[in-house]
Amino acid sequence: MDLDPQLYEGLPDPVRKAWERSTTSGRAAMSRRRLLRLSALAAGGAALTACGIPPAEGSRGGNDPEDTPDYSKKEKVLNFANWPLYIDVDDKNKKKRPTLDRFERESGIRVKYVEDINDNNEFYGKIKPQLAAGQDTGRDLVCLTDWMAGRVIRQGWAQRLDPARLPNAVANLEDRFRTAAQDPGRQYSYPWAGTACVVAYNKKATGGKKVTSVTQLLEDESLKGKVSMLSEMTDTVGLTMLDSGIDPGKFTDDDFDKVIARMQKAVDAKQLRRFSGNDYLDELNSGDIAACLAWAGDIVQLKLDNPDIEFALPESGYLFGTDDLLVPAKARHQANAEALINYYYQPKVAAELAAWVNYICPVSGAKAEMEKIDKDVAADPLIFPDAETIKRGKNFRPMTAGEHARYENKFAKLIGA
């Protein structure tokens, strides 16, 4: 694969290799919904200040709505870029997307839905030249992982959203999503879904032993050679930080180095089988991997077919994040994009989406609607976390460009990328 230098600006060669590995065999090369379900699923106005989301005001980088012409009224179209298999699809006709099709009928807005986000850095490289030049990217709405969304926002390359056009989102966004390090006050983005990195294990492969901590992954000799950790730095380092008593939201360079050194010991002792992307799933399913770090959405899917698969939320906490919707600077159809965001923040619609993608749902009231669709999904703490689960979720802090390059370099050396 040829790497565009713009995609990895400032990153050293080991990091470039890490991303190349990711886009060929890691998470970036896999679908967001790794396993398809075999059976079909049945198919407000709170005050802004009370919700903790301030009304849009002022200007940022010349990208506020008043600085960019909006052609939404004249052009009833919307260009939406998302990850593969990250929206509900009709089980009989894969070309149909039930919730999106209904939005088109109800709004009269024609949506060009493109699954062209396979990796945050890769996609950033696609749109950066236009953003830097103050040009329309050709996309009115994009879905980026929180740390990348924050990067775009900080550079002034996201449109400030108009809360007056987002009554459902303002009223129904769950409280824990209202404050975000990458977008304080949620003025530029709203979550499409929440993500969680947890510990997972195959109880048949562990001989019935429960695996509930990173300490076990790194030190339990009964698991030696049958453990995998993720090839994405923030997830693996963040969860290991928590296990080491370090807050991933406030860590220092020394903290980072301590965690890398701890994992290096496990690598040297051959405790770890390997670092992987989504391809850990087949080995976990077969038992070749007994225990691992895993993405919650994957485990929800895997458990459907294999009753031996279990997960654990470590007592020290788990890593929590979001994939965020935002409107790129100079987008032609901001109001149309806001109409779609607002539509998906209706509890019934949000439940339909969550029933298919199986990631954490950020919409209040969706759980009650999910109970009408699938009671098992409604009871799953990896999709609708309870208060205790929510409390244990921690975020990896935003990084400067220099920190990101430095940390990725050290992690790439650890995993042998």
Side-chain angles (χ1 to χ4, degrees), residues 1-2 4 6-7 19 22-24 27-34 36 68 70-72 75-91 93-133 135-146 148-149 151-153 157-159 161 188-193 195 278 297 322-345 349 352-353 356-357 359:
M1 185 181 87
D2 295 327
D4 183 342
Q6 293 188 72
L7 305 188
W19 281 115
S22 177
T23 53
T24 56
R27 185 185 189 195
M30 307 297 288
S31 68
R32 292 303 297 246
R33 190 170 185 272
R34 174 63 163 69
L36 300 179
T68 302
D70 191 343
Y71 299 90
S72 293
E75 301 172 3
K76 304 296 285 183
V77 297
L78 171 64
N79 298 301
F80 182 8
N82 204 350
W83 298 78
L85 297 176
Y86 212 16
I87 197 168
D88 53 307
V89 174
D90 187 278
D91 289 319
N93 184 344
K94 302 303 181 183
K95 293 183 179 181
K96 293 184 178 181
R97 303 180 177 98
T99 59
L100 191 62
D101 293 345
R102 191 161 67 246
F103 169 77
E104 290 186 310
R105 292 194 299 271
E106 293 178 0
S107 67
I109 298 171
R110 180 173 57 84
V111 180
K112 181 180 179 182
Y113 185 84
V114 182
E115 297 178 329
D116 65 344
I117 305 178
N118 289 300
D119 174 85
N120 285 287
N121 283 286
E122 180 185 25
F123 185 74
Y124 175 76
K126 289 180 183 179
I127 63 176
K128 180 187 173 183
Q130 293 100 318
L131 292 172
Q135 299 172 353
D136 177 19
T137 66
R139 299 165 179 87
D140 302 304
L141 189 64
V142 299
C143 183
L144 299 174
T145 302
D146 47 19
M148 180 57 78
R151 181 175 182 179
V152 172
I153 292 167
W157 291 344
Q159 293 276 89
L161 301 175
Y188 296 89
S189 68
Y190 274 87
W192 177 251
T195 61
N278 281 82
T322 55
D323 287 328
D324 294 339
L325 298 173
L326 58 81
V327 178
K330 305 302 178 182
R332 290 178 64 90
H333 311 107
Q334 175 166 337
N336 291 345
E338 291 166 334
L340 185 137
I341 296 173
N342 196 56
Y343 167 80
Y344 275 98
Y345 269 79
V349 178
E352 291 180 58
L353 176 66
W356 205 90
V357 303
Y359 278 78

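Index from 1, following the sequence.
Annotation for Y345 and P191: closest pair OH-O, 2.6 Å, computed over non-hydrogen atoms. Nearest heavy-atom pair across D70 and A335 is OD2-N, 2.9 Å. Residues H333 and L78 share a closest heavy-atom pair of O-CD1, 4.4 Å. When every heavy atom of V89 is checked against every heavy atom of K94, the shortest pair comes out as CG1-O, 3.3 Å. Nearest heavy atoms, A193 versus Y359: CB-CB, 3.9 Å. The heavy-atom pair separating P328 from V142 by the smallest distance is CG-CG1, 3.9 Å.
Separation of atoms CE (M148) and CG (L326) is listed at 11.0 Å; rounding is to 0.5 Å. The CD1 atom of I153 sits 13.0 Å away from atom CZ of R151, with the distance rounded to the nearest 0.5 Å. If you take OG1 on T145 and CG on N120, they are separated by 3.5 Å, rounding to the nearest 0.5 Å.
Not a single side chain to side chain donor-acceptor pair (under 3.5 Å) links D146 to another residue, sequence neighbours left out. Applying the ring pair (Phe, Tyr, Trp, His ring centres under 6.0 Å) test to Y113 and every residue at least two apart in sequence or in another chain returns F80. Residues passing the side chain to side chain donor-acceptor pair (under 3.5 Å) test with T322, sequence neighbours excluded: D324. Listed by chain and number, the residues in a salt bridge (charged side-chain N to carboxylate O under 4.0 Å, His left out) with R332 are E75 (sequence neighbours excluded). Applying the side chain to side chain donor-acceptor pair (under 3.5 Å) test to T99 and every residue at least two apart in sequence or in another chain returns D88, Y344. Not a single salt bridge (charged side-chain N to carboxylate O under 4.0 Å, His left out) links E115 to another residue, sequence neighbours left out. For D116, the salt bridge (charged side-chain N to carboxylate O under 4.0 Å, His left out) partners two or more places apart in sequence, or in a different chain, are R139. Contacts of N342 classified as side chain to side chain donor-acceptor pair (under 3.5 Å), with partners at least two apart in sequence or in another chain: none.
Within the 4.5 Å cutoff, no side-chain heavy atoms of I341 are placed close to those of W192. Using a 4.5 Å cut-off on side-chain heavy atoms (C-beta onward), V357 and W83 make no contact. Between V77 and K112 there is no side-chain heavy-atom pair separated by less than 4.5 Å. The shortest distance between side-chain heavy atoms of L161 and E338 falls below 4.5 Å. In this structure, the side chains of V349 and R102 come closer than 4.5 Å at one or more pairs of heavy atoms. Looking at heavy atoms from C-beta onward, F123 lies out of side-chain contact with C143 at the 4.5 angstrom threshold. Here the side chains of L325 and N82 are not in contact, with every heavy-atom distance at 4.5 Å or above. Using a 4.5 Å cut-off on side-chain heavy atoms (C-beta onward), T137 and W157 make no contact.
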Side chain to side chain contact (heavy atoms under 4.5 Å, CB included) between L340 and L141, worked out: CA-CA 9 Å; L340 185 137; L141 189 64; 3.6 Å; yes

CA sep, side-chain torsions, deciding dist, call: Q159, T68, side chain to side chain contact (heavy atoms under 4.5 Å, CB included): CA-CA 9 Å; Q159 293 276 89; T68 302; 3.5 Å; yes

Candidate pair L353 and I87, rule side chain to side chain contact (heavy atoms under 4.5 Å, CB included), full reasoning: CA-CA 6 Å; L353 176 66; I87 197 168; 4.1 Å; yes

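For K96, the NZ atom counts as loosely surrounded, since its 6.0 Å shell holds 12 or fewer non-hydrogen atoms of other residues, nucleotides or ligands.
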Side chains of residues 103-110: which donor-acceptor partners sit under 3.5 Å, not counting sequence neighbours?
residue : atom : partner : partner atom : Å
E104    : OE2  : V111    : N            : 2.6
S107    : OG   : F103    : O            : 2.6
S107    : OG   : I109    : N            : 3.1

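Y86 and D323 share a side-chain donor-acceptor pair at under 3.5 Å.
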